[in-house]
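Just below is one structure, and these are the notes that go with it.
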Amino acid sequence: MLNIIICGAPGSGKGTQSQLIVDKYGLQHFSTGDLLRNEIATGSDFGKQIDAIISKGNLVPDDIMLHLIDKYIDNLPADCKGVIFDGYPRTVKQAEELERLLEKKGEKSVMIDLWVQEEELIARLLNRGKTSGRSDDNLETIKKRLEVFHTTTKPVCVYYHTLHKYHAVDGSGTVEEIFARIDAILKSCC
Ligand code: ADP
């Protein structure tokens with residue numbers, strides 16, 4: 001199996017590039033942001049609690065996320081070619097749990113970290129906010145999300161670096177140019 005962890009700040013293009021990787025390599029797409037937004041869309045009490053967290057730009061607590069990942073890995077189909085983890089892990093605790101679960105299955109993983117300048121990230125997210133309908137695509141929440149990314153999620157990149165599984169990718173340019181950079185890494189290391 002090919003397990004790819006796609007990391008990057010909000011607006012770095014994780015979702016777009018994940019879809020291209022899924023199309024080319026036939027992987028399962030595990031997007032925690034989509035999963036959480038689907039839960040919000042059901043209107044459940046749990047969804048309302050999640051919405052209150054996400055719309056402020058904070059992270060959903062680890063215990064909830066660890067439960068989601070455990071369930072997801074447990075239910076992977078036997079013929080799964082691999083998974084692209086988009087938006088997970090976002091804390092070192094989540095990363096340790098993911099690595100533990102993959103190791104238990106005898107699975108390997110690799111991290112792709114998309115690098116984009118902060119001004120470009122903010123411009124992309126504000127532009128997306130015009131049509132996305134996402135409660136977190138406004139300037140105040142974007143700034144909070146970027147702060148959370150630097151303080152809590154960047155250490156996840158360091159963690160993968162120490163495991164020698166880390167690859168930084170320039171996330172600027174056209175969608176095709178960025179995908180070509182990712183694809184070259186996947187071809188050389190997987
Ligand atoms: P982005 O990368 O643009 O911020 P996502 O769709 O990946 O967008 O995530 C949206 C929000 O969902 C995050 O700001 C956070 O509140 C919540 N979220 C997503 N993944 C996780 C996770 N692994 N741990 C905690 N919260 C998460």
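When a ligand or atom number is given, it counts from 1 through the structure's own listing order. Model, not experiment: these values are computed from the prediction.
Proximity of a side-chain donor or acceptor of S55 to a complementary backbone N or O of S135 within less than 3.5 Å is not detected. D183 contributes no side-chain N or O that, together with a main-chain N or O of F179, makes up a donor-acceptor pair within less than 3.5 Å. No side-chain donor-acceptor contact under 3.5 Å links Q17 to the backbone of G13. Proximity of a side-chain donor or acceptor of S188 to a complementary backbone N or O of I185 within less than 3.5 Å is detected. The closest donor-acceptor contact from the side chain of S109 to the backbone of N3 lies at 3.5 Å or more, if one exists at all.
In terms of polar-atom proximity, D136 is not counted as a contact of ligand 1, lacking any N or O under 3.5 Å from an N or O of the ligand. Checking only distances, M65 never comes within under 3.5 Å of ligand 1, N or O to N or O. Below 3.5 Å of separation, one finds an N or O of R90 facing an N or O of ligand 1. Of the N or O atoms in Y88, none lie within a sub-3.5 Å distance of an N or O in ligand 1. Every N/O-N/O distance between D34 and ligand 1 stays at or above 3.5 Å.
None of I54, L125, N58, D136 except one satisfies the side chain to side chain contact (heavy atoms under 4.5 Å, CB included) rule with T141; the exception is D136. Checked against V83 for a side chain to side chain contact (heavy atoms under 4.5 Å, CB included), the options L2, L27, I4, L76 give a single hit: L76.
Among all protein heavy atoms, the one lying closest to atom 12 (O) of ligand 1 is I54 CD1, 3.4 Å. The protein heavy-atom contact nearest to atom 8 (O) of ligand 1 is R134 NH2, 3.1 Å. Atom 26 (N) of ligand 1 has as its closest protein heavy atom V60 N, 3.1 Å.
With ligand atoms numbered from 1 in the order given, ligand 1 contributes 2 (O) to contacts under 4.0 Å with heavy atoms of K14. The distance from ligand 1 to the heavy atoms of Q94 drops below 4.0 Å at these ligand atoms: 22 (C), 23 (N), 24 (N), 25 (C). Against a heavy-atom cut-off of under 4.0 Å, R37 is close to the following atoms of ligand 1: 6 (O), 10 (C). Which parts of ligand 1 touch N58 is read off a 4.0 Å heavy-atom cut-off, strictly below it: atoms 15 (C), 16 (O). Contact atoms of ligand 1 toward L59: 25 (C), 26 (N) (distance under 4.0 Å to a heavy atom of the residue). With ligand atoms numbered from 1 in the order given, ligand 1 contributes 19 (C), 20 (N), 21 (C), 23 (N) to contacts under 4.0 Å with heavy atoms of T32. Distances below 4.0 Å separate heavy atoms of R145 from the following atoms of ligand 1: 1 (P), 3 (O), 4 (O).
Among P89, P10, G87, the residue whose heavy atom lies nearest to atom 23 (N) of ligand 1 is G87.
Every residue two or more places apart in sequence or in another chain was checked for a side-chain hydrogen bond (donor to acceptor under 3.5 Å, both in side chains) with T16, and none qualifies.
Neither the backbone nor the side chain of T91 has any atom closer than 4.0 Å to an atom of ligand 1 (non-hydrogen atoms only). The residue R124 has no part lying near ligand 1, judged by heavy-atom distances below 4.0 Å. Only the side chain of L36 comes within 4.0 Å of ligand 1, judged by heavy-atom distances. If you look at K56 next to ligand 1, there are no close heavy atoms at all, none under 4.0 Å.
Comment: E140 does not engage K144 in a salt bridge, judged by the lack of any side-chain N to carboxylate O separation of less than 4.0 angstrom. Comment: R128 engages D137 in a salt bridge, judged by a side-chain N to carboxylate O separation of less than 4.0 angstrom.
Using a 4.0 Å cutoff on heavy atoms, R128 counts as a contact of ligand 1. In this structure, I53 has no heavy atom closer than 4.0 Å to ligand 1.
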Side chain to side chain donor-acceptor pair (under 3.5 Å) between D45 and Q49, intermediate numbers included: CA-CA 6 Å; D45 283 347; Q49 285 170 30; over 6 Å; no
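The number of heavy-atom neighbours closer than 6.0 Å to CD of E96, taken from other residues, nucleotides and ligands shown, is above 12.
Legend: salt bridge (Lys or Arg N to Asp or Glu O under 4.0 Å) pairs involving residues 102-119, not counting sequence neighbours, sorted by first then second residue: D113-K154.
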